[in-house]
Amino acid sequence: MGTTNEPCIICDDIAIQRGDTTIWSHGTFTIPRGTVTAIVGTNGAGKTTLLQAELGLIPLSHGTMTVLGGAPGTTNGRIGYVPQSYTSEIDSSLTAEQSVLLGLTGTRFGFHLVSRAQRSKALEAMEFIGISDKAHLRLSELSGGLRQRVAIAQALVSDPELLMLDEPLANLDLASQRTTVHILRKLNRELGMTIQVVAHDLNMLLPILTGAVYLLDGHPHYARLNEVLDSKLLTHLYGTEVQVVTTPQGDMFVMPGLDDLDPGIRDMHDTRELARSHQHAKHTTTHHTHTQTGR
Ligand SMILES: Nc1ncnc2c1ncn2[C@@H]1O[C@H](COP(=O)(O)OP(=O)(O)OP(=O)(O)O)[C@@H](O)[C@H]1O
């Protein structure tokens with residue numbers, strides 16, 4: 001793990017062009033180390049493009065970017081990446097352990113060359129993620145949630161300083177989403193790992209986020225979470241009425257604006273009702289999403 005105080009990402013007036021189209025431009029921001037950052041914006045705003053630029057997979061058309069102290073692409077050995085399409089990219093006949101080992105060997109061939117040290121590293125990553133008992137199961141035998149945890153273990157096995165995940169909560173049920181968020185919290189809090197998460201729905205991630213890169217009007221900006229959790233900003237960002245609701249307990253939610261809803265529906269979902277049902281949910285189920293303010 002890096003001990004330097006140097007920021008994880010430094011961007012100076014960056015832009016990306018694909019063909020004749022500028023995807024985004026004028027990005028000048030810094031992401032500190034040890035943070036958990038959401039990357040948010042509407043469909044096609046260029047969230048995945050930002051991760052790809054950080055990995056040096058797409059060249060900048062303008063400006064400069066430093067990732068973990070080096071040019072994009074030169075520090076990829078210290079980055080773990082869980083792509084959006086992880087399920088379609090893994091050979092489902094592999095066992096969970098073989099799949100995790102790919103994070104060290106980088107190839108699906110030559111498993112006989114895997115060293116004892118590499119196997120123990122893979123086991124360590126699976127234990128951290130809570131899937132060591134699934135090591136010998138084939139990916140085809142695992143649920144979507146477990147397959148995703150295998151993908152995270154594969155990204156972790158090389159002890160990255162920065163972990164990037166592209167929409168890791170999409171297509172997961174609530175319990176699997178909570179498990180994923182819990183894993184990310186552990187990685188950040190216990191190992192000090194810097195994390196970037198592309199996400200459409202912020203609520204589940206709110207308890208662990210420290211900031212966000214938001215792609216607004218064709219420009220990427222970074223802000224601390226309390227600045228991003230602003231109804232006007234999020235309404236502009238998503239292009240639809242969004243409200244940030246704070247419960248009497250200080251928990252925050254991002255939700256569709258009540259003004260757009262039918263008055264009957266609004267009556268059923270007013271803020272106090274939400275707070276009451278949230279309190280009830282806190283005592284009766286593990287499926288609530290909330291955060292404390294002040295991160
Ligand atoms: N290989 C490519 N060549 C040219 N343009 C591309 C390519 N891949 C993506 N784009 C365009 O770049 C823009 C940004 O795409 P990107 O996938 O980064 O957006 P996103 O914010 O991650 O979207 P989503 O939320 O839908 O996943 C889109 O307009 C897309 O059409």
Side-chain angles (χ1 to χ4, degrees), residues 1-2 8-9 33 36 48 51-57 67-70 72-172 176 179-198:
M1 202 63 50
C8 178
I9 308 282
R33 287 200 192 226
V36 183
T48 301
L51 296 188
Q52 291 173 332
E54 291 177 19
L55 290 166
L57 301 174
V67 181
L68 298 172
T74 63
T75 52
N76 287 3
R78 292 152 58 201
I79 300 174
Y81 180 43
V82 182
Q84 195 172 359
S85 52
Y86 64 91
T87 35
S88 58
E89 282 178 11
I90 340 179
D91 178 348
S92 60
S93 67
L94 295 181
T95 65
E97 183 187 29
Q98 287 170 334
S99 177
V100 173
L101 278 165
L102 293 183
L104 290 173
T105 59
T107 165
R108 54 183 295 243
F109 304 107
F111 284 121
H112 55 286
L113 294 177
V114 170
S115 69
R116 187 174 292 183
Q118 286 174 317
R119 289 194 71 162
S120 116
K121 212 60 213 150
L123 186 62
E124 197 185 309
M126 286 188 285
E127 271 168 2
F128 195 93
I129 302 294
I131 51 167
S132 50
D133 59 329
K134 307 287 185 294
H136 299 294
L137 293 180
R138 293 187 190 283
L139 297 179
S140 55
E141 298 172 286
L142 301 180
S143 67
L146 285 170
R147 282 160 75 111
Q148 197 218 37
R149 279 153 79 183
V150 170
I152 295 176
Q154 184 189 99
L156 286 182
V157 72
S158 55
D159 290 331
E161 292 163 49
L162 167 62
L163 180 64
M164 298 172 170
L165 306 101
D166 200 341
E167 299 202 29
L169 305 185
N171 304 317
L172 295 187
S176 299
T179 303
T180 301
V181 172
H182 179 71
I183 289 168
L184 299 184
R185 181 205 293 266
K186 241 173 77 165
L187 289 168
N188 176 250
R189 304 251 166 106
E190 293 178 19
L191 305 182
M193 198 172 284
T194 308
I195 296 175
Q196 291 183 355
V197 192
V198 172

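Numbers for residues simply follow the sequence, beginning at 1.
Applying the side chain to side chain contact (heavy atoms under 4.5 Å, CB included) criterion to Gln118, with sequence neighbours excluded, gives Leu101, Leu104, Thr105, Val114, Ser115. In terms of the side chain to side chain contact (heavy atoms under 4.5 Å, CB included) criterion, residue partners of Thr74 (sequence neighbours excluded) are, by chain and number, Ala71. Listed by chain and number, the residues in a side-chain hydrogen bond (donor to acceptor under 3.5 Å, both in side chains) with Thr48 are Asp166 (sequence neighbours excluded). Applying the salt bridge (charged side-chain N to carboxylate O under 4.0 Å, His left out) criterion to Glu127, with sequence neighbours excluded, gives no partner residue. A search for side-chain hydrogen bond (donor to acceptor under 3.5 Å, both in side chains) contacts involving Thr75 returns nothing, not counting sequence neighbours. A search for side chain to side chain contact (heavy atoms under 4.5 Å, CB included) contacts involving Leu55 returns Leu57, Asn76, Ile79, Tyr81, Met164, not counting sequence neighbours. Scored by the side-chain hydrogen bond (donor to acceptor under 3.5 Å, both in side chains) test, Arg119 finds Glu97 as partners (sequence neighbours excluded). Residues forming a salt bridge (charged side-chain N to carboxylate O under 4.0 Å, His left out) with Lys134 (at least two apart in sequence, or on another chain): none.
Closest approach of Leu172 to Gly145, counting heavy atoms only: CD2-CA, 3.8 Å. Listed here is the closest heavy atom pair of Thr95 and Ala135: CB-O, 3.5 Å. Residues Gly80 and Pro160 share a closest heavy-atom pair of N-CB, 3.3 Å. Contact between Thr180 and Pro168 at its shortest, heavy atoms only, is CG2-CB, 4.3 Å. Taking every heavy atom of both residues into account, Ser132 and Leu123 meet most closely at CB-CD1, 4.0 Å. Contact record, Phe128 with Lys186: O-NZ, 3.2 Å, taken as the closest heavy-atom pair.
The side-chain heavy atoms of Asn171 and Gln148, taken from C-beta on, include no pair separated by under 4.5 Å. At a threshold of 4.5 Å between non-hydrogen side-chain atoms, the residues Leu139 and Ser99 count as touching. You'll find the side chain of Leu184 reaches within 4.5 Å of the side chain of Leu163, heavy atoms only. Side chains of Leu94 and Leu102 form a contact here, defined as non-hydrogen atoms less than 4.5 Å apart. Using a 4.5 Å heavy-atom threshold, the side chains of Leu169 and Val197 count as separate. Considering only heavy atoms from C-beta on, Glu54 stays 4.5 Å or farther from Pro72 through its side chain.
Taking CD1 of Ile183 as the start and CD1 of Ile131 as the end, the distance is 8.0 Å to the nearest 0.5 Å. A distance of 12.5 Å separates CZ of Arg149 from CE of Met126, quoted to the nearest 0.5 Å. With values rounded to the nearest 0.5 angstrom, Met193 atom CE is found 9.0 Å from Asn188 atom CG. For the atom pair CD1 of Ile129 and CG of Leu156, the computed distance is 4.5 Å after rounding to the nearest 0.5 Å.
Not one N or O on the side chain of Arg78 forms a donor-acceptor pair closer than 3.5 Å with the backbone of Glu161.
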After noting the C-alpha distance and the side-chain angles of Ile9 and Thr194, does the key distance pass the side chain to side chain contact (heavy atoms under 4.5 Å, CB included) rule?
-> CA-CA 10 Å; Ile9 308 282; Thr194 308; over 6 Å; no
For Val67 and Cys8, run side chain to side chain contact (heavy atoms under 4.5 Å, CB included): C-alpha distance rounded to whole Å, both residues' side-chain angles, the deciding distance at 0.1 Å, then the answer.
-> CA-CA 6 Å; Val67 181; Cys8 178; 5.6 Å; no
